[in-house]
Amino acid sequence: DVKMVCEVQLLLINYLEEKKKIHKLYSILREQAFFKMVVSDNTQQKQKDVKDLRLTEVLNVGKEVALSGNTSNNMYKCSLDTDSGLLGMEGHDWFGVVDMKTKKPIWNLDRETNFGGQIGSFGQQTHQWVTINGQKYVSLQTARNKIQMFKVVQSRNNGYQFVEDNKYELVYSSNKGADATISFCDFDHDFQHIFLVTDFCVLEKRAVQDINAVISRIDLQERVSDSTLRNFRLSADGKYCAIGGGGDKPYFYVIDIANEEQMKLDSSVLTSTYVPCFINGE
């Protein structure tokens, strides 16, 4: 006798549709695993050793550019705006811009001359290339208590003009009167806020769109020294900052800006602390 066993499945239509989706997902995952293996086998490249890199001189400002207005041999900060190819350079009482393509100076600005000497050293690490609502600016401390922003406007002949925007002019005042000082400054990564160290003892946070209003203020436990170095740094996410004590100050600060908490770290070895930074911006 011949016998046959038959299996009959009764499936709800909703269950059947979900089962089809699971089968499709499973096939995608198998393909993904396969292609990952193929790509990892074929595209793995040996990392280059630093010794294999070749550095080529693109611009020698001292030899190739005739700067005007800079009365000091010191240059404290240089930064390149990669979008426009403009090089900003910050001296003692001077700021200038060089076009990397033409190797010619295209703009310079004299700043308040009492940025150093007996009064103190500050304001030499302040310029930044900033983008606000798609518009490129260069931000610069132009006086002891003032930061100004200049629009970078490209002209018809592919040149550039720098036009002051009074909307973003920051003027700091305090009970110190004429001695009110912006010691250090920095922007967060998306240029929504500007952070100031004022009078060497206070950290302030301000919104760029309302730049003369203080959002938060943290009094440092102990004052820091003036410096021509970059002694104020923000983390990449703008949540933390580090402030170096400067000359004859064996301590530095790490501050949680959001929670307004500060940690003062003292060294038993160092006599001064300079140029703090966050590794990888973190």
Any side-chain heavy atom of [X] sitting closer than 4.5 Å to one from [Y]?
X      : Y      : result
Val152 : Val97  : no
His189 : Asp237 : no
Leu59  : Val65  : yes
Ser79  : Trp129 : yes
Ile147 : Glu169 : no
Tyr253 : Val224 : yes
Cys185 : Val197 : no
Gln125 : Phe232 : no

Whether the side chain of [X] engages the backbone of [Y] through a donor-acceptor N/O pair (distance < 3.5 Å, no angle test) should be reported.
X      : Y      : result
Asn212 : Leu170 : no
Thr198 : Leu196 : no
Ser155 : Gly159 : yes
Ser139 : Met149 : no
His127 : Leu140 : no
Asp199 : Ala180 : no
Thr126 : Gln141 : yes
Thr181 : Ser183 : no
Glu222 : Lys264 : no
Thr273 : Pro250 : no

**Asked** Hey, mind stepping through Trp107 and Tyr160 against side chain to side chain contact (heavy atoms under 4.5 Å, CB included) and telling me if it holds?
**Response** CA-CA 9 Å; Trp107 187 58; Tyr160 291 92; over 6 Å; no

**Message:** Please find the pair of heavy atoms, one from Ile257 and one from Gly238, that lie closest to each other, and give the distance.
**Reply:** CD1-O, 3.8 Å

**Prompt:** Relative to each other, are the rings of Tyr168 and Tyr137 parallel, tilted or perpendicular (30° and 60° limits)?
**Reply:** perpendicular

**Message:** Once you measure the plane-to-plane angle for Phe184 and Phe200, does it fall in the parallel (<30°), tilted (30-60°) or perpendicular (>60°) bin?
**Reply:** perpendicular

**Asked** Within 45° of the ring axis of Phe195 and under 6.0 Å from its six-membered ring centre, is that where the NZ or CZ of Lys205 lies?
**Response** no

**Request:** With side chain to side chain contact (heavy atoms under 4.5 Å, CB included) as the test, would you mind laying out the steps for Asn145 and Ser173 before giving the verdict?
**Result:** CA-CA 7 Å; Asn145 68 330; Ser173 61; 5.7 Å; no

**Request:** For the residue pair Thr142 and Gln148, confirm or rule out a side-chain donor-acceptor distance under 3.5 Å.
**Result:** yes

**Asked** Do you see a donor-acceptor pair shorter than 3.5 Å between the side chains of Gln209 and Lys167?
**Response** yes

**Message:** Does Asp190 have more than 12 heavy atoms from other residues, nucleotides or ligands lying within 6.0 Å of its CG?
**Reply:** yes

**Prompt:** Got more than 12 heavy atoms from elsewhere within 6.0 Å of NZ, Lys239?
**Reply:** no

**Asked** In Å, rounded to the nearest 0.5 Å, how long is the span from CG of Asp219 to CG of Leu203?
**Response** 10.0 Å

**Request:** Evaluate side chain to side chain contact (heavy atoms under 4.5 Å, CB included) for Asn74 paired with His92, printing each intermediate quantity in order.
**Result:** CA-CA 7 Å; Asn74 296 325; His92 175 68; 5.6 Å; no

**Asked** Got a salt bridge between Arg206 and Glu204, using NZ or NE/NH1/NH2 to carboxylate O under 4.0 Å?
**Response** yes

**Electrostatic pair Glu90-Arg111, nearest N-O below 4.0 angstrom** = yes

**Prompt:** Can you name the one residue among Gln128, His193, Arg233 that meets side chain to side chain donor-acceptor pair (under 3.5 Å) with Asp186?
**Reply:** Gln128

